[in-house]
Amino acid sequence: MNRFTDKTALITGGTSGMGLATAHRLVAEGAHVIVSGRTRARRDAAVEELGPSASGVVADAADLGAVDVLMETVRDRHGGLNTLFANAGTGTFLPFENITEQDFDHGVDVNSRVCSSPSKRHCRF
């Protein structure tokens, strides 16, 4: 069944792991998949692995300016999205007492900013 035929999906953190596995599944179901990641090399490798139904954008999900550019690029190239998988995530694996405010802020930046900014500006397609 091709539930995603003629649909466009964006996967942040889509260049490896669960994001890349999800990208494979969506491509198999007929979607055009846009993957984003922090490095050009990983983006290029993921797009090559996924084939002609995929494209990619280099963007750091922790940087709201980069997310703005990512969303503008998606709108310009594809007109919008049908599916967003906000998959980019991070964590600091230290004992609680060793976690710094900077560690906490970085985790919040990556894990929740794409669609949770006060204006929700990144979720308008």
Side-chain angles (χ1 to χ4, degrees):
M1 180 174 175
N2 286 337
R3 296 180 297 167
F4 291 92
T5 298
D6 298 325
K7 305 292 185 198
T8 301
L10 169 62
I11 303 174
T12 64
T15 59
S16 65
M18 184 171 59
L20 184 57
T22 303
H24 277 285
R25 180 60 187 251
L26 290 172
V27 164
E29 297 237 8
H32 177 82
V33 176
I34 305 150
V35 294
S36 72
R38 291 180 295 163
T39 69
R40 178 173 290 168
R42 289 182 78 166
R43 179 221 38 208
D44 291 348
V47 169
E48 183 176 335
E49 183 177 323
L50 292 165
S53 292
S55 60
V57 178
V58 175
D60 182 347
D63 178 347
L64 286 179
V67 173
D68 282 339
V69 171
L70 169 63
M71 299 315 294
E72 289 170 17
T73 301
V74 168
R75 281 187 205 104
D76 290 347
R77 290 183 188 170
H78 304 282
L81 289 176
N82 303 103
T83 302
L84 169 65
F85 180 19
N87 173 68
T90 189
T92 302
F93 301 100
L94 295 171
F96 182 75
E97 63 271 8
N98 295 346
I99 305 264
T100 67
E101 185 175 349
Q102 187 176 33
D103 294 329
F104 177 82
D105 288 345
H106 181 71
V108 169
D109 288 348
V110 173
N111 297 337
S112 62
R113 282 212 170 158
V114 171
C115 280
S116 65
S117 66
S119 68
K120 305 275 192 233
R121 67 181 177 196
H122 301 107
C123 293
R124 294 183 191 149
F125 305 111

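Note that this is a predicted model, so its numbers are computed, not measured.
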Nearest 0.5 Å please: distance from the CD1 atom of Ile34 over to the CG atom of Leu84.
10.0 Å
To the nearest 0.5 Å, atom CZ of Arg3 lies from atom OG1 of Thr83 at 10.0 Å
Test of understanding: with ring pair (Phe, Tyr, Trp, His ring centres under 6.0 Å), list the residues that count as partners of His24, not counting sequence neighbours.
none
Working for side-chain contact (heavy atoms from CB on, under 4.5 Å), residues Leu20 and Leu50:
CA-CA 9 Å; Leu20 184 57; Leu50 292 165; 4.0 Å; yes
Residue Asn98 excluded, over 12 heavy atoms near CG under 6.0 Å
yes
Closest heavy-atom pair and its distance - Ala88, Ala61:
CB-CB, 3.7 Å
Among Thr73, Val74, Asp68, which residue satisfies the side chain to side chain contact (heavy atoms under 4.5 Å, CB included) criterion with Leu70?
Val74
How many angstroms lie between CG in Leu26 and NZ in Lys7, if you round to the nearest 0.5 Å?
12.5 Å
Check whether any side-chain heavy atom of Asp103 lies under 4.5 Å from a side-chain heavy atom of Leu94, and answer yes or no.
yes
Keeping Asp63 on the side-chain end and Gly65 on the backbone end, is there a donor-acceptor pair under 3.5 Å?
yes
To the nearest 0.5 Å, what is the distance between OG (Ser36) and CZ (Arg42)?
12.0 Å
Excluding sequence neighbours, so at least two apart, what forms salt bridge (Lys or Arg N to Asp or Glu O under 4.0 Å) with Arg77?
none
Heavy atoms of Ala46 and Gly14 approach each other most closely as CB-O, 4.3 Å
Going by heavy atoms in the side chains, are Met71 and Leu81 under 4.5 Å from each other?
yes
Heavy-atom closest contact (Thr15 atom, Arg43 atom, distance):
CG2-CA, 3.7 Å
Taking the side chain as every heavy atom from C-beta outward, state whether Met18 and Phe85 have any atom pair closer than 4.5 Å.
yes
Treating Asn87 as the side-chain partner and Ile11 as the backbone partner, does any N or O pair qualify as donor plus acceptor under 3.5 Å?
no
Please report the shortest heavy-atom distance between Val58 and Arg38, naming the atom on each side.
CG1-O, 3.5 Å
Smallest separation among heavy atoms of Val35 and Ala23, with atom names:
CG1-CB, 4.0 Å
Please name the pair of heavy atoms, one in Ser53 and one in His32, separated by the smallest distance, quoted to 0.1 Å.
O-ND1, 3.1 Å
